[in-house]
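Here is the structure we will look at, set down as structure tokens.
Values reported hereafter were calculated over all heavy atoms of this structure, with side chains retained and with hydrogens, waters and symmetry mates removed. Computed from a predicted model, the values in this text were never measured in an experiment.
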Amino acid sequence: MKKLLLYLVGFVILASQSSCGYNDMVQKDEQVSSQWAQVQNSYQRRADLVPNLVNTVKGAANFEKETLTQVIEARSKATSIQLNADDLTPENLEKFQAAQSQLSGSLSRLMATAEAYPDLKANQNFLELQAQLEGTENRISVERQRFNTTVQDYNTYIRAFPRNFFAGWFGFEKKGYFEAAAGAQNAPTVQF
């Protein structure tokens with residue numbers, strides 16, 4: 001009887017030392033959602049900034065209409081894809097990232113076109129908006145990196161033993177990461 005009581009006391013002490021981690025899983029899930037909101041905030045800043053950049057460029061110079069059209073279409077596509085924190089599957093993140101990558105590519109072409117026209121460089125508004133756009137792209141990169149770090153922490157936590165059992169029981173699922181666009185490892189070629 002004493003041995004059984006000793007085992008019961010030992011089990012209670014052990015159980016009190018290692019909980020199922022539900023509250024921690026909720027906290028980490030909320031951190032992922034919060035960081036996702038920061039990523040969306042950075043993309044929204046870019047979406048709001050692009051029309052101003054395009055309007056300034058249109059007013060300052062008349063150049064390659066196709067580039068401006070591509071930027072406008074890419075911005076429209078990028079802002080049409082809405083993704084909330086509950087839908088952060090790798091497939092949904094890939095679709096979201098593809099639309100954002102298309103906008104980034106169009107913006108790169110716009111910047112290259114602007115460099116080809118020296119009279120645009122004289123326009124102070126263009127330079128200021130160009131600097132803001134570069135800063136926004138850096139913010140997006142930082143927020144995406146922070147998001148991936150938060151997701152890594154969350155995924156590691158819910159997949160560790162014994163929390164992986166509890167995570168499955170409570171419906172905590174692995175979240176997807178932002179990944180580099182296809183061909184991102186290749187350095188871009190700059191031609192003058």
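Rounding to the nearest 0.5 angstrom, the gap separating the CZ atom in Arg46 from the CD atom in Gln100 is 4.5 Å. We find the CG-CH2 distance between Asn164 and Trp169 to be 10.0 Å, quoted to the nearest 0.5 Å. For the atom pair CD of Gln31 and OG of Ser33, the computed distance is 10.0 Å after rounding to the nearest 0.5 Å.
In this structure, a donor-acceptor pair under 3.5 Å is present between the side chains of Gln145 and Thr149. In the model, Gln27 has no side-chain atom that pairs as donor or acceptor with a side-chain atom of Asn23 under 3.5 Å.
Taking every heavy atom of both residues into account, Ile158 and Met25 meet most closely at CG2-CG, 3.9 Å.
For Tyr22 and Phe172, the distance between ring centers is under 6.0 angstrom.
Note on Asp29 versus Lys175: salt bridge recorded, some NZ/NE/NH1/NH2 to OD/OE distance being below 4.0 Å.
When atom types are taken as modelled, the side chain of Thr150 and the backbone of Arg146 share a donor-acceptor pair closer than 3.5 angstrom. Distance alone, capped at 3.5 Å, places no donor-acceptor pair between the Arg163 side chain and the Gly21 backbone.
Under the 4.5 Å side-chain criterion, counting only non-hydrogen atoms from C-beta, Glu143 is not in contact with Gln40. With a 4.5 Å cut-off on side-chain heavy atoms, Val151 and Trp36 do not count as touching.
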Report the C-alpha distance between Tyr43 and Arg144 in whole Å, list the side-chain angles of each, state the deciding distance to 0.1 Å, and finish with yes or no for side-chain hydrogen bond (donor to acceptor under 3.5 Å, both in side chains).
CA-CA 10 Å; Tyr43 279 122; Arg144 286 172 53 156; 2.9 Å; yes
Could you walk me through whether Gln152 and Asn148 pass the side-chain hydrogen bond (donor to acceptor under 3.5 Å, both in side chains) test, one step at a time?
CA-CA 6 Å; Gln152 178 188 15; Asn148 280 351; over 6 Å; no
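Hydrophobic clustering, with ILVMFWY side chains joined whenever heavy atoms are under 4.5 angstrom apart, groups Phe166 together with Val26.
A cation-pi contact, defined as under 6.0 Å to the ring centre and within 45° of the axis, is absent between Lys28 and Tyr154.
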